[in-house]
Protein chains: 2
Amino acid sequence: MYIGVDLGGTNIAVGLVDENSVLKYHKSTPTRAERGSEEVIKDIIGLINETIRDYGISKENIKAIGIGVPGIADPTSGEVIYCVNLGWNNIPLKETLETELSIPVFVDNDATVAGLAEYKIGAMKDCESGVFITLGTGVGGGIVINGRVRSGFNGVGAEIGHMIVGENFYDCNCGRNGCLETFASSTALIKYTEKLINEGKETSIVRKVKGNLEEVNGKVIFEAAIEGDYVANKAVDRLVKYLAIGITNIINILDPETIALGGGLSGAGEFLLKKVQKEVEAVRYMKMMPIGKIVLATLGNEAGIIGAAALGM
Amino acid sequence: MYIGVDLGGTNIAVGLVDENSVLKYHKSTPTRAERGSEEVIKDIIGLINETIRDYGISKENIKAIGIGVPGIADPTSGEVIYCVNLGWNNIPLKETLETELSIPVFVDNDATVAGLAEYKIGAMKDCESGVFITLGTGVGGGIVINGRVRSGFNGVGAEIGHMIVGENFYDCNCGRNGCLETFASSTALIKYTEKLINEGKETSIVRKVKGNLEEVNGKVIFEAAIEGDYVANKAVDRLVKYLAIGITNIINILDPETIALGGGLSGAGEFLLKKVQKEVEAVRYMKMMPIGKIVLATLGNEAGIIGAAALGM
């Protein structure tokens, strides 16, 4: 058995995963990152011990613990180098957990880990190569080539959300302009929709949130788009346009067998997928040549735990 | 011994390369592609036989023949799928040569094989991963990861010149707008310089080519830029700006250990390299993290033959 930990800005989820990457049991607790890394790590350890106890397995039967973190990690040292949402800088996560638990610990980026899960048992199963793109609050990426996760030589690869794909009306959190994340995340979708609303455009979105614009989210926008709302479709089409540039750039570089779309916005399902497939086909290079499949990720939230556990396999 | 063939739009170059990737002997002949693929392939076979005879080696001692082609090839079937400069479509190059010569033949893209050469004995030697970028008439790419060439699952990867990096005042040959090739090739540099000249900007470039604007080339523009000419520097800086976007995008996806710049424009040497390094450092993501080295390719024109030969090793 393996343990997978999905360390997020909102929740810590810990699960037991078997040799076939099947999630057997899991539980979670709020992260409350504002308490600092020491308290959060204490909670991770506590939750791991509870999970082992609840499931009635002995600690000796846990072969490894894998952790996906929302930021940059060094897979070799197991150090969390930088997590903006957690406020973590250079936290020796692997070392601390191994000292406390005496089980081997592996650490990597959360989108990378979710991509690994999709590769093991999800949308990219048995692929020669796959790129997983999370469309959530931000845009993240996980790359698997010939069965190996590719986080890069310095650990700064698979940062697909920070590919430059155009010029935008606002800067990215990273300080640059034009990052894919500022076009294709739910944050980006909401920002652009609000811009259209503030310019006085009529839309059913305002009615849906009863005039409270702070309630506008990706789900509401996609709902309105599916119903034919002009503003919502304009916002979705803009997202799709730049996401397609990002995807064609990935194809021009890596040409993966499969590209899987996950994260909150992928909840829009076939409506989003068909638009993305159509736009990529319209703008891609070398139309006489085949390209990889673009599909929806299949594992949802469980990908984080399953992929983290897979780090230790 | 191995034979490497660099099949270009202008010349066919054939060379004998030893086990250590040292080029022992080579000769070339004009391609004259307008004659059609049959005649060109006859010349390739003739040149291979001449090379073997001239060097005084027996055919049995040639372990393999590798060929780099200026377009898309299927490394598995050895078919040349598409070469716009040669006017080739679905040419069974491997099959034809193996039938004629009874030596195993391997085919891949020319920039990919040049990258392989730089990886074997050049600027990317002993790297965990490297991306080679040719800045010539077009922009090409060669990717090596963990000792393996990466041309993609469908053979449409490493097409770095067709990454979208912005909006441009003219469309790419491929029909799209914003390809790296339309900003960072010698063709692009010349086009933008001519645009500035046509807008009436004063420049020493006009004097250098004695008023004959058709003589403007990358070398002249870089020469003028090094001498401090305003227009030339404006054109070079624009090239550098978009090349840096392309390079940071490659880093955000693959994060290679080394990025090597080759092709005709890399003849501008340190002047170009320093500008590119500085611009990448200025615009890149996650400045607290290290990134790979950006260097000049070292093998020059020989990379094509050496890398092609390496396909068979």
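Residue numbers begin at 1 in each chain, while the letters A, B, ... track the order of the sequences.
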| said: Quick check for you: among B:H162, B:E159, B:M286, which has the greatest number of heavy-atom pairs under 4.5 Å with chain A? | reply: B:H162
| remark: Note: vs chain B, highest number of non-hydrogen pairs under 4.5 angstrom among A:G161, A:G292, A:C127, A:A158 is A:A158
| request: Can you establish whether the number of heavy atoms outside B:F106 located under 6.0 Å from its atom CZ is more than 12? | output: yes
| field | chain A neighbours within residues 244-254 of chain B, where any heavy atom lies under 4.5 Å away | value | B:I245, B:T248, B:N249, B:I250, B:I251, B:N252, B:I253, B:L254
| Relative to chain B, which of A:I81, A:I72, A:D255, A:N154 shows the most heavy atom pairs under 4.5 Å? | A:D255
| For A:M163, is it the side chain, the backbone, both or neither that has a heavy atom under 4.5 Å from a heavy atom of chain B? | both
| query | If you count the non-hydrogen atoms of other residues, nucleotides and ligands that lie under 6.0 Å from NZ in B:K278, is the total more than 12? | reply | no
| query | Does atom NZ of A:K195 have more than 12 heavy-atom neighbours, drawn from other residues, nucleotides or ligands, at distances under 6.0 Å? | reply | yes
| query | Sequence neighbours excluded, which residues qualify as side chain to side chain donor-acceptor pair (under 3.5 Å) partners of B:K275? | reply | B:D237
| Quick one: which residues of residues 128-153 of chain B reach chain A at under 4.5 angstrom, heavy atoms only? | B:E128, B:S129, B:I143, B:I145, B:N146, B:R148, B:R150, B:S151, B:G152, B:F153
| query | Is it true that atom CD of A:E38 has more than 12 heavy atoms of other residues, nucleotides or ligands lying nearer than 6.0 Å? | reply | no
| Using non-hydrogen atoms and a limit below 4.5 Å, what part of residues 166-189 of chain A faces chain B? | A:C174, A:R176
| request: Please say whether more than 12 non-hydrogen atoms of neighbouring residues, nucleotides or ligands are located less than 6.0 Å from OH in A:Y285. | output: yes
| field | Side chain / backbone / both / neither for B:V283 at chain A, heavy atoms under 4.5 Å | value | backbone
| query | Just wondering, are more than 12 heavy atoms of other shown residues or ligands nearer than 6.0 Å to NZ in A:K274? | reply | no
| field | Test item: A:V165 and B:I164 side chains (from C-beta on) under 4.5 Å apart, heavy atoms | value | no
